[in-house]
Asks: 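Quick one: this structure, given as structure tokens, is what I'll be asking you about.
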Amino acid sequence: MGQETNLCTIIGSGPAGYTAAIYAARAGLKPQLFTGKEPGGQLMITNDVENYPGYPEGIMGPQMMADFQKQAERFDTEIFSEMITEVDFSGPIHKLMSESGREILTHTVVISTGASAKWLGLESETRLMNKGVSACAVCDGFFFKGQEVIVVGGGDTAAEEATYLAKLCPTVHLLVRRDEMRASKIMQKRVLNTSNIQVHWNTSTVEVLGEEEVTGAKVINNVTKEESVINGSGFFVAIGHKPNTGIFKDWLEMNEAGYLITGADSTTTKVPGVFASGDAQDHVYRQAVTAAGTGCMAALDAERYLAANEII
Ligand code: NDP
């Protein structure tokens with residue numbers, strides 16, 4: 001007897017992956033879900049989630065992901081704590097290879113591998129993660145209401161995070177490593193016209209300061225080489241995200257930054273039976289609730305594909 005072919009295999013275990021699993025399982029597709037190396041995805045490094053509807057008191061990110069997982073398992077999703085390391089989308093049946101050498105054959109694939117925030121790579125940044133260091137102002141900004149904060153970066157994300165925080169905080173220090181911002185003109189204008197955003201040009205972070213929680217940052221002026229300290233209880237790193245899509249580069253269309261390209265109003269990719277959802281595909285909204293939404297769409301698209309091809 002040959003190897004069994006899955007109806008639906010899901011790669012990734014953030015809100016998109018688990019939501020796809022819930023829908024696929026309830027549709028009788030007996031999905032297998034591979035969690036990847038960071039089970040639960042970016043929400044595992046978020047404290048309170050207060051903007052996901054249905055949790056009026058908010059919920060801790062890791063707890064929320066445990067609940068997502070429980071709900072997916074309740075409907076018979078088979079979960080593997082493994083990475084998918086290789087894919088082969090050359091035939092009508094798709095092949096996936098896991099890190100342990102398992103080969104998976106599947107009619108449909110839902111990609112929900114997410115994106116990872118880029119970090120500066122400082123020891124102090126890692127140590128103070130969730131103790132004032134964050135990569136998401138929309139998620140964590142509220143906890144710094146009324147306090148002085150620091151944002152690092154000069155792109156659209158940093159500009160957006162700084163203007164968002166400026167509505168909550170008396171002073172936002174924006175650290176830009178060059179003498180100009182990479183952000184679009186309109187975003188730059190918005191930053192420069194916001195009176196409580198103080199831009200520190202040519203400035204890089206030497207160290208995030210604080211023992212138990214962030215108290216500020218030691219910075220260096222890249223031109224004068226002068227070091228100084230900027231106070232702040234929040235330290236937001238906004239130097240970009242990297243979608244986790246490397247293993248698909250030979251098979252699927254992606255934009256310059258590596259985000260997977262899907263059809264209009266759907267999660268279809270150029271490969272029949274392969275669907276993309278969540279932050280691996282969405283570089284604009286990047287919220288748990290939107291990721292869950294596209295995960296749902298991907299499962300529905302997979303189900304329709306299987307029915308249209310008379311596989312179910
Ligand atoms: P970008 O790659 O555009 O910008 C990253 C910024 O971080 C740059 O200013 C870069 O500096 C700086 N940076 C990188 N590494 C470091 C470091 N180690 N230390 C200090 N600074 C560093 O990323 P974004 O996330 O801002 O944007 C990604 C894409 O998403 C862009 O295409 C953007 O336009 C888009 N986007 C659009 C939005 C919108 O339209 N509303 C909102 C958010 C993003 P340098 O310039 O010197 O390299």
Side-chain angles (χ1 to χ4, degrees), residues 42 45-46 51 114-129 133-141 149-167 172-194 197-209 214 216-230 232 234-246 253-262 276 278-291 294:
Q42 291 181 70
I45 54 159
T46 304
N51 53 9
S116 306
K118 292 186 194 160
W119 297 99
L120 297 172
L122 301 169
E123 181 278 324
S124 50
E125 173 191 54
T126 315
R127 185 171 50 80
L128 291 163
M129 194 80 65
V133 172
S134 165
C136 179
V138 179
C139 319
D140 297 330
V149 293
I150 300 166
V151 177
V152 182
D156 279 330
T157 302
E160 223 172 49
E161 304 245 313
T163 43
Y164 178 85
L165 289 165
K167 296 192 184 96
V172 178
H173 299 278
L174 180 63
L175 313 187
V176 179
R177 68 177 172 182
R178 291 186 291 137
D179 60 356
E180 59 176 353
M181 292 178 74
R182 184 188 290 269
S184 53
K185 287 282 170 282
I186 185 162
M187 293 298 285
Q188 291 194 33
K189 211 164 142 192
R190 208 167 289 164
V191 165
L192 299 173
N193 287 342
T194 305
I197 299 179
Q198 196 178 329
V199 182
H200 301 258
W201 301 104
N202 298 308
T203 301
S204 290
T205 310
V206 177
E207 192 187 347
V208 188
L209 300 173
V214 170
K218 186 203 265 189
V219 300
I220 183 165
N221 183 303
N222 296 321
V223 178
T224 63
K225 303 293 174 207
E226 220 172 281
E227 290 192 346
S228 57
V229 168
I230 297 174
F235 186 85
F236 291 87
V237 181
I239 60 173
H241 284 78
K242 202 181 167 326
N244 304 317
T245 56
E253 279 190 330
M254 37 185 90
N255 72 9
E256 274 169 21
Y259 288 92
L260 298 171
I261 294 173
T262 51
D279 284 14
Q281 163 263 344
D282 164 26
H283 65 93
V284 180
Y285 302 103
R286 300 198 307 239
Q287 299 300 302
V289 68
T290 49
T294 55

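We count ligands from 1, going down the list as the structure has it; atoms in each ligand are counted the same way.
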Asks: For A158 and ligand 1, does the shortest N/O to N/O distance drop below 3.5 Å?
Replies: no
Asks: Testing the basics here: between E125 and L120, what is the closest heavy-atom pair and its distance to 0.1 Å?
Replies: OE2-N, 2.8 Å
Asks: Could you go step by step and tell me if V152 and T205 meet the side chain to side chain contact (heavy atoms under 4.5 Å, CB included) rule?
Replies: CA-CA 8 Å; V152 182; T205 310; 4.0 Å; yes
Asks: Only heavy atoms of E160, strictly under 4.0 Å: list the atoms of ligand 1 that pass.
Replies: 39 (C), 41 (N), 42 (C)
Asks: Atom CD of E160 and atom OG1 of T163: how far apart are they, to the nearest 0.5 Å?
Replies: 6.5 Å
Asks: Given side chain to side chain contact (heavy atoms under 4.5 Å, CB included), test T294 with Q281 step by step and report yes or no.
Replies: CA-CA 9 Å; T294 55; Q281 163 263 344; 4.1 Å; yes
Asks: Suppose we measure from atom 30 (O) of ligand 1 to each protein heavy atom; which comes out shortest, and what is that distance?
Replies: H283 ND1, 4.4 Å
Asks: For atom 8 (C) of ligand 1, find the nearest protein heavy atom and state the residue, atom name and distance (0.1 Å precision).
Replies: R182 NE, 3.5 Å
Asks: Atom 44 (C) of ligand 1: protein heavy atom closer than 4.0 Å?
Replies: yes
Asks: Flag atom 22 (C) of ligand 1 as yes if some protein heavy-atom distance to it falls below 4.0 Å, otherwise no.
Replies: yes
Asks: Nearest 0.5 Å, what's the CG-NZ distance between L192 and K185?
Replies: 10.5 Å
Asks: Side chains of H241 and H283: is there a donor and an acceptor less than 3.5 Å apart?
Replies: no
Asks: Nearest heavy atom to atom 6 (C) of ligand 1 wins, so pick from S204, S184, G155.
Replies: G155
Asks: Might you point out which heavy atoms bring D279 and Q287 nearest each other, and give the distance in Å?
Replies: OD1-N, 4.5 Å
Asks: Mark up the atoms of ligand 1 that fall under 4.0 Å of a heavy atom belonging to G240, in ascending order.
Replies: 23 (O), 25 (O)
Asks: Taking only heavy atoms of L120 into account, list the atoms of ligand 1 that are under 4.0 Å away from them.
Replies: 17 (C), 18 (N), 19 (N)
Asks: Any non-hydrogen side-chain atom of M181 less than 4.5 Å from a side-chain atom of L174?
Replies: yes
Asks: Would one find more than 12 heavy atoms of other residues, nucleotides or ligands at under 6.0 Å from atom CD of E226?
Replies: no
Asks: May I ask you to list the atoms of ligand 1 that are less than 4.0 angstrom from any heavy atom of G154?
Replies: 6 (C), 7 (O), 8 (C), 9 (O)
Asks: Which residue owns the protein heavy atom closest to atom 5 (C) of ligand 1, what's the atom, and how far is it?
Replies: I239 O, 3.6 Å
Asks: Using distance alone, decide if ligand 1 has a nitrogen or oxygen within less than 3.5 Å of any nitrogen or oxygen in D156.
Replies: yes
Asks: Around atom 26 (O) of ligand 1, find the nearest protein heavy atom and jot down its residue, atom name and distance.
Replies: T157 N, 2.9 Å
Asks: Among all protein heavy atoms, pick out the one at the shortest distance from atom 20 (C) of ligand 1; state its residue, atom name and that distance to 0.1 Å.
Replies: R177 CD, 3.7 Å
Asks: Hey, is atom 32 (O) of ligand 1 touched by any protein heavy atom at less than 4.0 Å?
Replies: no
Asks: For atom 46 (O) of ligand 1, what is the closest protein heavy atom, and at what distance to 0.1 Å?
Replies: R178 NH2, 2.7 Å
Asks: If you define the side chain from C-beta out and look only at heavy atoms, does anything of F236 sit under 4.5 Å from D140?
Replies: yes
